[in-house]
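Worksheet: the structure to be examined is printed underneath.
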Protein chains: 2
Amino acid sequence: MKDKEAEMFILEIEKNFETFSFNKGEFIPLFQSNKKEIALIKSGKVSLMKSDINGNLLYIDHFKKNEMFSKLWIYNEENDLFFVCTTPVELYFLDYTLFIQGTNQKYLSFFLEKSIQYMTYLHQKITILQKKNMEEKLLTYFRIESEKNGNKRFEIPVTYKELADYLGVDRSSLMRKLNELEQKKKIKKQGKTIFLKN
Amino acid sequence: MKDKEAEMFILEIEKNFETFSFNKGEFIPLFQSNKKEIALIKSGKVSLMKSDINGNLLYIDHFKKNEMFSKLWIYNEENDLFFVCTTPVELYFLDYTLFIQGTNQKYLSFFLEKSIQYMTYLHQKITILQKKNMEEKLLTYFRIESEKNGNKRFEIPVTYKELADYLGVDRSSLMRKLNELEQKKKIKKQGKTIFLKN
DNA sequence: AAACTTATGTGACAATTGCAACAGTTCTTT
DNA sequence: AAAGAACTGTTGCAATTGTCACATAAGTTT
């Protein structure tokens with residue numbers, strides 16, 4: 001299924017499903033519900049966050065337009081995760097049970113395609129996180145972002161605080177490492193814009 | 001789809017698909033092929049490995065009976081990954097294109113169910129890897145393994161070398177940390193058997 | 001059974017990273 | 001526009017982790 005087909009499909013969903021709206025800062029009550037729901041974002045951004053013992057919020061990941069998220073595939077044994085809107089958000093709730101039992105194979109194929117994209121993304125993230133030091137984590141992350149944008153110059157789509165959480169490192173150590181990489185001429189940094197050399 | 005249904009389904013696959021056999025140490029040529037193939041393991045174990053610049057082999061993950069693997073959802077931009085059999089292996093090759101275009105919805109549902117299981121697993125792994133220090137990584141890993149076995153006492157299913165790779169840490173540092181955790185009475189360790197306290 | 005390879009275990013030392021504290025900046029809300 | 005909150009940037013220091021080197025144990029192959 002190509003991107004265009006996917007968009008056509010989303011148009012079809014738009015006809016058949018109700019839109020739900022959320023304000024910035026609101027929670028998406030997926031972990032609270034018993035239903036096997038999958039959220040598809042029509043517009044806006046949703047972050048997956050974790051609250052740790054001290055009440056600090058840890059950024060895990062985020063989802064944006066045309067991406068799906070669901071508690072179905074999130075590991076939340078400690079019950080400390082939640083989805084929060086970081087912008088105003090419009091989304092659809094799709095019922096997984098209907099997906100899988102329904103007769104419309106299009107829905108299934110679409111969802112499967114999305115799942116595969118997401119698995120690839122998770123593998124990318126693991127590739128980054130399995131690196132043994134921060135420099136390699138950062139450079140791998142930058143390479144992936146750079147490829148995604150098809151350009152050596154790109155914007156970091158999150159705050160540096162969130163990037164530190166994402167990489168599982170300390171924020172101030174991250175800043176120090178960024179300076180170091182700049183001194184070693186491996187990157188150039190202007191605010192959130194990174195230029196990756198070589 | 002319950003485990004039993006999944007097993008029934010695998011029996012059906014067994015009827016319709018050819019089995020391929022591999023010796024221990026052999027590569028599964030998925031990255032070499034152009035086909036969109038998904039391997040389903042009938043018996044044996046397959047590891048996903050990475051060869052780094054120095055020619056060292058890094059363990060990424062492994063797959064076992066009734067689990068699927070495919071290059072479709074693996075990030076292999078640097079072309080340094082491969083699947084290798086760590087035991088004698090029998091498996092089926094399923095064609096993703098047929099899956100998605102075919103009329104047999106059972107296949108689709110089965111594959112989707114497997115995909116969701118795998119996404120959950122990847123999220124678990126990310127939960128471990130995003131921890132900021134080795135102690136938390138280890139204890140989270142142990143908790144997950146313990147839950148999976150339904151027992152505070154469980155076997156580590158890989159070598160300590162592989163576990164270090166998996167967690168993205170140095171092997172000798174891992175050994176040191178294990179001793180430390182034992183001294184702090186957080187675990188008890190006998191060879192590959194771990195007893196998780198509290 | 002011997003030779004060989006791979007895994008486990010330990011220690012000294014260097015390098016990296018986390019932590020805490022603080023100042024300046026930017027973004028949000030009132 | 002002012003106040004408040006959150007983010008960015010920097011530093012010293014302590015704690016953690018990686019590297020290297022080597023010894024022993026376990027597993028594999030011949």
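Naming: A, B, ... by sequence-line order, numbering from 1 per chain. These figures come from a predicted structure and were not determined experimentally.
- Residue A:K35 qualifies as open at atom NZ: its count of foreign heavy atoms under 6.0 Å is 12 or below.
- For A:K161, the listed nucleotide lying nearest its side chain is D:dT8; candidates were C:dG18, D:dT8, D:dT17.
- Between B:E12 and B:K15, no side-chain nitrogen of the basic residue sits less than 4.0 Å from a carboxylate oxygen of the acidic one, so the salt-bridge criterion is not met.
- Distance B:Q183 CD to D:dT16 P: 13 Å, rounded to the nearest Å.
- Close to D:dT8, at under 4.0 Å from its OP1 or OP2, lies a side-chain N or O of A:K192.
- Across the protein-nucleic acid pair, B:D165 atom CG and C:dT8 atom P stand 11 Å apart, rounded to whole Å.
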What's the verdict on side-chain hydrogen bond (donor to acceptor under 3.5 Å, both in side chains) for A:E155 and A:T193, showing C-alpha distance, side-chain angles and the deciding distance? CA-CA 5 Å; A:E155 288 277 310; A:T193 306; 2.3 Å; yes

For the pair B:S146 and B:R143, evaluate side-chain hydrogen bond (donor to acceptor under 3.5 Å, both in side chains) and give the outcome as yes or no after the intermediate values. CA-CA 5 Å; B:S146 164; B:R143 252 176 251 126; over 6 Å; no

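- Rounded to an integer number of Å, the gap from CG of A:D52 to C1' of C:dG18 is 15 Å.
- Rounded to an integer number of Å, the gap from B:L174 CG to D:dG18 P is 9 Å.
- A tilted orientation is assigned to the rings of B:H62 and B:Y59, their planes being inclined by 30° to 60°.
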I'd like a table of atom pairs between the protein and nucleotides 9-12 of chain D - only N or O on both sides, under 3.5 Å - with the distance next to each one.
from, atom 1, to, atom 2, distance (Å)
D:dG9, OP2, A:K189, NZ, 3.2
D:dG9, N7, A:R171, NH1, 3.0
D:dG9, O6, A:R171, NH2, 3.1
D:dT10, OP2, A:N179, ND2, 3.1

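- Note on the helix from C:dA1-D:dT30 to C:dT30-D:dA1: angle between the axes of the first and last five pairs equals 70°, rounded to 10 degrees.
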Provide a list of protein-nucleic acid N or O atom pairs under 3.5 angstrom, restricted to nucleotides 27-30 of chain D.
none

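- Atoms NZ (B:K132) and C1' (D:dT16) sit 13 Å apart, rounded to a whole Å.
- For A:K184, the NZ atom sits in a packed shell: over 12 heavy atoms of surrounding residues, nucleotides or ligands are nearer than 6.0 Å.
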For A:E90 and A:T19, run side-chain hydrogen bond (donor to acceptor under 3.5 Å, both in side chains): C-alpha distance rounded to whole Å, both residues' side-chain angles, the deciding distance at 0.1 Å, then the answer. CA-CA 6 Å; A:E90 288 175 301; A:T19 306; 5.5 Å; no

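- A distance of 7.0 Å separates OG1 in B:T127 from CD in B:Q124, rounded to the nearest 0.5 Å.
- A:K125 has a carboxylate O that lies under 4.0 Å from a charged side-chain N of A:D61, or vice versa, which qualifies the two as a salt bridge.
- Looking at heavy-atom distances under 4.0 Å, A:G168 makes contact with sugar-phosphate atoms alone, never a base.
- In this entry the distance linking NZ of A:K137 with C1' of C:dT17 reads 10 Å, nearest Å.
- The nearest whole Å value for the distance from the CG atom in A:N133 to the C1' atom in C:dA14 is 14 Å.
- Following rounding to the nearest Å, B:Q190 (CD) and D:dA26 (C1') show an atom-to-atom distance of 17 Å.
- Taking the six-membered ring where the residue is Trp, A:F142 and A:F154 present tilted rings, their angle falling between 30° and 60°.
- Between B:F83 and B:F31, the two ring planes are parallel [angle under 30°; tilted spans 30° to 60°].
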